[in-house]
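Note that these values count all heavy atoms, side chains included, but never hydrogens, waters or copies made by symmetry.
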Amino acid sequence: MKNKIIAVEEAFITSDIVTEWDNYLSRDNVEPGFRMMGKTYLKATPSTKEVQDRLLNMGTERIADMNSAGIDMQILSLCSPGVQIFEPTLGTMLAHHANDILSDAIKAFPTRFAGLAAIAPQDPNAAVIELARCKRLGLKGVIINSHTMGEYLDAEKYLPILESCESLGLPIYLHPREPSPSMIAPYLDYGLYFAGWGFAAETGLHALRLIMSGIFDKLPKLKIILGHLGEGLPFWLQRIDNRYKLQVSIGAVRKMRKLPSEYFRLHFVITTSGMYSDAALQLCLTELGADSILFAADYPHESAMEAVVFMDSTPISNEDRDKIYWKNAMRVFDL
């Protein structure tokens, strides 16, 4: 019997945002990581055109790609870094427009698409208003592409966004982007700012900042999703706990109600996006359990077919495979 498959980190973009990305790249004061992205991956070339065309398509061509890979539903989210590089008014307007486009695509194909809301965290009050609107539109979570102009969600100014997400029951997909301006310098050589290393370093740091800030004691129902098998954090949980306890004992950090790993297990779920390693998946199953892992293809940046072939063949039980492929997504996103 064929597995039902829900892919939960599947990107789209709007033509307006592409235009504004180009406008932003023409300025002098561009974030260094995004400038590097603009010179290579975001620049329209024959090698990038296919991906860009797929990002813009939210209709029959995308569904044909899904059918080829055997994917029943995509949970769509705005491509990184979305609107988080723009001044607040422009970012808010572009997010609002993108959410309308996403809502229309879901209405056109309600059994094939669901979606995550885009917001401009650089205007927290407007972001809260947009989150409430997107809940009414039927969107199932929110996408935040890691740092916003070098700032992280543990900053006090972003608390209203986190409170709103908890109260509305909207999980946050904390998606990677290039490292923030304050940390990027050593990543600019050898392409290390990109998805092979810099993305995970940036987003893993962001997740740990949230944990160590104590936000989950204030917001006990807040849920965070991390791609790429947790951006390396499942591998580090024992070490993080060990060094945390040492730092507490010498007064270097404050003592929290729980260990960092406990917050991670309670408040985070991870996805398989872009990760095709049996050993890595087995480690995550051991550390977190199958209930905390979702399937993602990372379309169109990764091959959806490769993602499905891996998941079909990896040596796990059929029960766990069903949880990862679709059952957990039904629960996490209230589908």
Side-chain angles (χ1 to χ4, degrees), residues 1-10 69-75 140-141 171-176 195-197 199-201 203-208 210-211 216 222-244 258-299 301-335:
M1 179 179 176
K2 175 187 174 293
N3 282 300
K4 183 175 181 178
I5 303 177
I6 300 175
V8 305
E9 187 190 314
E10 317 309 307
I71 291 173
D72 296 281
M73 175 178 276
Q74 284 188 347
I75 299 181
K140 298 299 183 178
I172 297 172
Y173 204 121
L174 192 60
H175 187 276
W197 187 249
F199 284 18
T203 314
L205 170 67
H206 199 154
L208 276 175
L210 286 171
I211 290 171
F216 297 110
L222 183 64
K223 292 291 184 181
I224 309 291
I225 304 156
L226 289 177
H228 315 103
L229 290 181
E231 311 297 357
L233 290 178
F235 180 90
W236 285 97
L237 290 178
Q238 181 275 330
R239 174 71 172 172
I240 291 167
D241 281 353
N242 181 279
R243 296 298 90 183
Y244 159 75
K258 301 180 179 72
L259 292 172
S261 66
E262 293 178 289
Y263 290 108
F264 191 86
R265 292 186 175 98
L266 283 169
H267 294 277
F268 288 76
V269 295
I270 67 173
T271 83
T272 63
S273 55
M275 300 290 284
Y276 312 129
S277 163
D278 291 330
L281 179 59
Q282 289 295 332
L283 180 141
C284 292
L285 285 166
T286 299
E287 290 290 337
L288 307 177
D291 289 339
S292 295
I293 305 174
L294 311 174
F295 174 78
D298 209 353
Y299 175 98
H301 306 296
E302 302 272 359
S303 165
M305 185 68 72
E306 186 177 2
V308 171
V309 168
F310 166 74
M311 201 65 233
D312 280 348
S313 61
T314 194
I316 61 175
S317 70
N318 289 331
E319 179 183 4
D320 286 351
R321 204 181 322 273
D322 279 346
K323 287 180 178 181
I324 294 169
Y325 256 150
W326 67 277
K327 288 184 176 179
N328 293 338
M330 296 289 288
R331 181 189 77 251
V332 170
F333 296 106
D334 191 26
L335 297 176

Would a 4.5 Å heavy-atom cut-off, applied to side chains only, mark [X] and [Y] as touching?
X      : Y      : value
Asp298 : Thr271 : no
Val332 : Val8   : no
Glu287 : Gln238 : no
Asp291 : Lys323 : yes
Leu288 : Leu237 : yes
Tyr299 : Ile71  : no
Leu283 : Pro234 : yes

Tell me the closest heavy-atom pair linking [X] and [Y], and the distance in Å.
X      : Y      : result
Ala7   : Ala297 : CB-N, 4.1 Å
Pro176 : Thr203 : CA-OG1, 3.0 Å
Ala296 : Thr272 : N-OG1, 3.1 Å
Ala329 : Ile6   : CB-CG2, 4.0 Å
Leu226 : Leu174 : CD2-O, 3.8 Å
Ile75  : Phe333 : CD1-CD1, 3.4 Å

Would you give the length of the straight line joining atom [atom1] of [X] to atom [atom2] of [Y], rounded to the nearest 0.5 angstrom?
X      : Y      : atom1 : atom2 : value
Leu285 : Ser292 : CG    : OG    : 10.0 Å
Ile240 : Phe235 : CD1   : CZ    : 11.0 Å
Tyr276 : Ser303 : OH    : OG    : 6.0 Å
Ile324 : Glu319 : CD1   : CD    : 11.0 Å
Ile293 : Met275 : CD1   : CE    : 11.0 Å
His267 : Ile211 : NE2   : CD1   : 9.0 Å

(request) Quick one: sort the Phe264 and Phe268 rings into parallel, tilted or perpendicular, breaks at 30° and 60°. (result)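 Parallel: the ring planes of Phe264 and Phe268 meet at under 30°.
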(message) With a 3.5 Å distance limit and no angle check, can you tell me whether Glu9 reaches the backbone of Tyr173 through a side-chain donor-acceptor pair?
(response)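 Not confirmed, Glu9 side chain does not pair with Tyr173 backbone.
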(message) Can a donor-acceptor pair be found, under 3.5 Å and without considering hydrogens, that links the side chain of Ser273 to the backbone of His228?
(response) yes
(request) Check the pair Leu205 / Glu231 against side-chain contact (heavy atoms from CB on, under 4.5 Å), numbers first and verdict last. (result) CA-CA 9 Å; Leu205 170 67; Glu231 311 297 357; over 6 Å; no
(request) Please assess Leu335 against Lys140 for the test side-chain contact (heavy atoms from CB on, under 4.5 Å), listing each intermediate value before the final yes or no. (result) CA-CA 8 Å; Leu335 297 176; Lys140 298 299 183 178; 3.9 Å; yes
(message) Test side-chain hydrogen bond (donor to acceptor under 3.5 Å, both in side chains) on Asn328 and Arg331; report intermediate values, then the result.
(response) CA-CA 5 Å; Asn328 293 338; Arg331 181 189 77 251; 3.1 Å; yes
(message) side-chain contact (heavy atoms from CB on, under 4.5 Å), that's the test. Do Tyr325 and Asp312 meet it? Break it down for me.
(response) CA-CA 9 Å; Tyr325 256 150; Asp312 280 348; 2.7 Å; yes
